[in-house]
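Below you'll find the structure, written out as structure tokens, and then a few comments.
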Protein chains: 2
Amino acid sequence: MTYSIAQAAEHSGLSIDTLRYYERIGLVDPPARDSGGRRNYSDDDLGWLVFLTRLRTTGMPIRMMREYAQLRHRGAATAGRRKQILFEHRASVRERIAELQSCLEVLEYKISHYEQIEHTFVEGITA
Amino acid sequence: MTYSIAQAAEHSGLSIDTLRYYERIGLVDPPARDSGGRRNYSDDDLGWLVFLTRLRTTGMPIRMMREYAQLRHRGAATAGRRKQILFEHRASVRERIAELQSCLEVLEYKISHYEQIEHTFVEGITA
DNA sequence: GTAGGAGCTGGAGTGCACTCCAGGTCAACC
DNA sequence: GGTTGACCTGGAGTGCACTCCAGCTCCTAC
């Protein structure tokens with residue numbers, strides 16, 4: 001099964017321009033082409049694209065994704081290093097979640113502060 | 001108690017340049033100045049700066065922080081709108097956390113995959 | 001009184017990750 | 001065979017959030 005660039009974009013959630021951009025910078029291997037020179041993405045290509053979007057969503061910088069892509073290209077011998085990258089990235093994602101949760105608490109506090117103001121205001125009216 | 005720009009930077013975790021930049025774009029009110037024209041940040045100024053860093057950490061875009069800052073400047077009448085902004089932002093932070101957590105699962109899965117490869121490899125050696 | 005260091009200003013430059021564009025090709029349908 | 005629409009290329013442009021710089025002033029300590 002092969003997919004046009006529009007279908008690959010649809011499936012991965014990336015834009016067509018971003019797909020071509022990722023190819024240019026070496027994040028994805030150039031996909032096969034049809035007789036007219038158009039890209040034909042394979043299921044494997046799509047799988048990799050989807051994985052990339054996960055890494056991107058978690059804030060991995062493109063240069064690190066590229067390093068990972070290049071290691072992957074060099075085969076099984078690089079599995080250790082790839083695992084290490086994911087390992088470190090997992091730690092940073094966990095940190096990020098913790099950071100967001102702590103900021104969330106500040107937000108909760110502020111919101112409750114506004115709710116208290118509103119409450120006081122309503123009491124002021126009814127009193 | 002007042003603070004130099006270096007102290008304000010230290011306390012807020014923002015750089016000196018960023019403090020001046022935030023002032024230029026209207027994110028923070030111009031602080032008082034000493035006789036030599038140097039900025040003197042008050043405790044209130046620092047509190048606001050710290051709150052801004054929380055919003056920034058959670059990914060609030062600067063234009064939204066600026067809207068909030070402007071509303072704040074207009075006083076109590078805008079409290080409702082400010083609360084609404086925080087409310088909506090809280091929802092987006094929660095979504096972001098959920099998104100990160102779901103990507104974290106993919107990462108866990110990938111890492112366990114690499115661990116399985118290593119395991120197989122070790123078995124291959126010892127067998 | 002001068003050397004050094006912190007701070008000042010307006011404006012230019014940076015890095016990231018896209019996003020858009022002009023001008024072209026190609027296949028299919030009417 | 002002409003039009004339409006998807007896709008192609010290389011390269012330029014965008015938006016965000018800083019970050020850096022030159023050239024200056026001011027205060028302090030020697």
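Naming: A, B, ... by sequence-line order, numbering from 1 per chain.
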Both Gly59(B) and Arg33(A) contact DNA chain D. Which one's nearest nucleotide lies toward the 5' end?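 On the 5' side of the pair lies Arg33(A).
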For Ser35(B) and for Pro61(B), locate the closest nucleotide of DNA chain D by heavy-atom distance; then report the residue assigned to the nucleotide nearer the 5' terminus.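 The residue mapped nearer the 5' terminus is Pro61(B).
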Without decimals, in angstroms, what is the distance between Tyr21(A) OH and dG10(D) P?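 Answer to the nearest Å: 16 Å.
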Rounded to whole Å, how long is the line connecting atom CG of Asp34(B) with atom P of dT25(D)?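 Value for this atom pair: 17 Å.
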I'd like to know if Arg94(A) and Glu108(B) make a salt bridge, using a cut-off of under 4.0 Å between side-chain N and carboxylate O.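 Looking at Glu108(B) together with Arg94(A), the answer is yes, because their closest N to O distance falls below 4.0 Å.
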Would you call Arg20(B)-Glu23(B) a salt bridge at under 4.0 Å N-O?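 Salt bridge: no.
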Hey, which sits more toward the 5' end of DNA chain C by its nearest nucleotide, Asp17(B) or Gly37(A)?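 The 5'-side residue here is Asp17(B).
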Quick check: on DNA chain C, is the nucleotide nearest Ser4(B) upstream (toward 5') of the one nearest Met65(A), or the reverse? Name the residue that is more 5'.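 Closest to the 5' end, via its nearest nucleotide, is Ser4(B).
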Could you go through Gln101(B) and Glu105(B), starting from their C-alpha distance and side-chain angles, then the distance that decides it, and tell me whether this counts as side-chain hydrogen bond (donor to acceptor under 3.5 Å, both in side chains)? CA-CA 6 Å; Gln101(B) 257 151 0; Glu105(B) 280 170 31; over 6 Å; no
Side chains of Val93(B) and His89(B) in contact at under 4.5 Å (non-hydrogen atoms):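 Yes, at least one pair of side-chain atoms sits under 4.5 Å.
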What contact category does Arg20(B) fall into here, base, sugar-phosphate, or nothing, at under 4.0 angstrom with non-hydrogen atoms?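 Base contact.
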For Arg24(A), answer base if it contacts any base atom (sugar-phosphate contacts may also be present), sugar-phosphate if it contacts only those atoms, and nothing otherwise; contact means non-hydrogen atoms under 4.0 Å.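 Arg24(A): base contact, heavy atoms under 4.0 Å.
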Start and end of chain B contact along DNA chain C [non-hydrogen atoms, under 4.0 Å]: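 Extent of the interface on DNA chain C: dG5(C) to dG11(C).
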Nearest non-hydrogen partners of Leu100(B) and Leu100(A), listed with the distance: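 Minimum heavy-atom contact is CD1-CD1, 3.9 Å.
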Please check this pair: side chain of Gln7(A) against backbone of Ser4(A), looking for a donor-acceptor N/O pair closer than 3.5 Å.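 The answer is yes, because a donor-acceptor pair under 3.5 Å joins these two groups.
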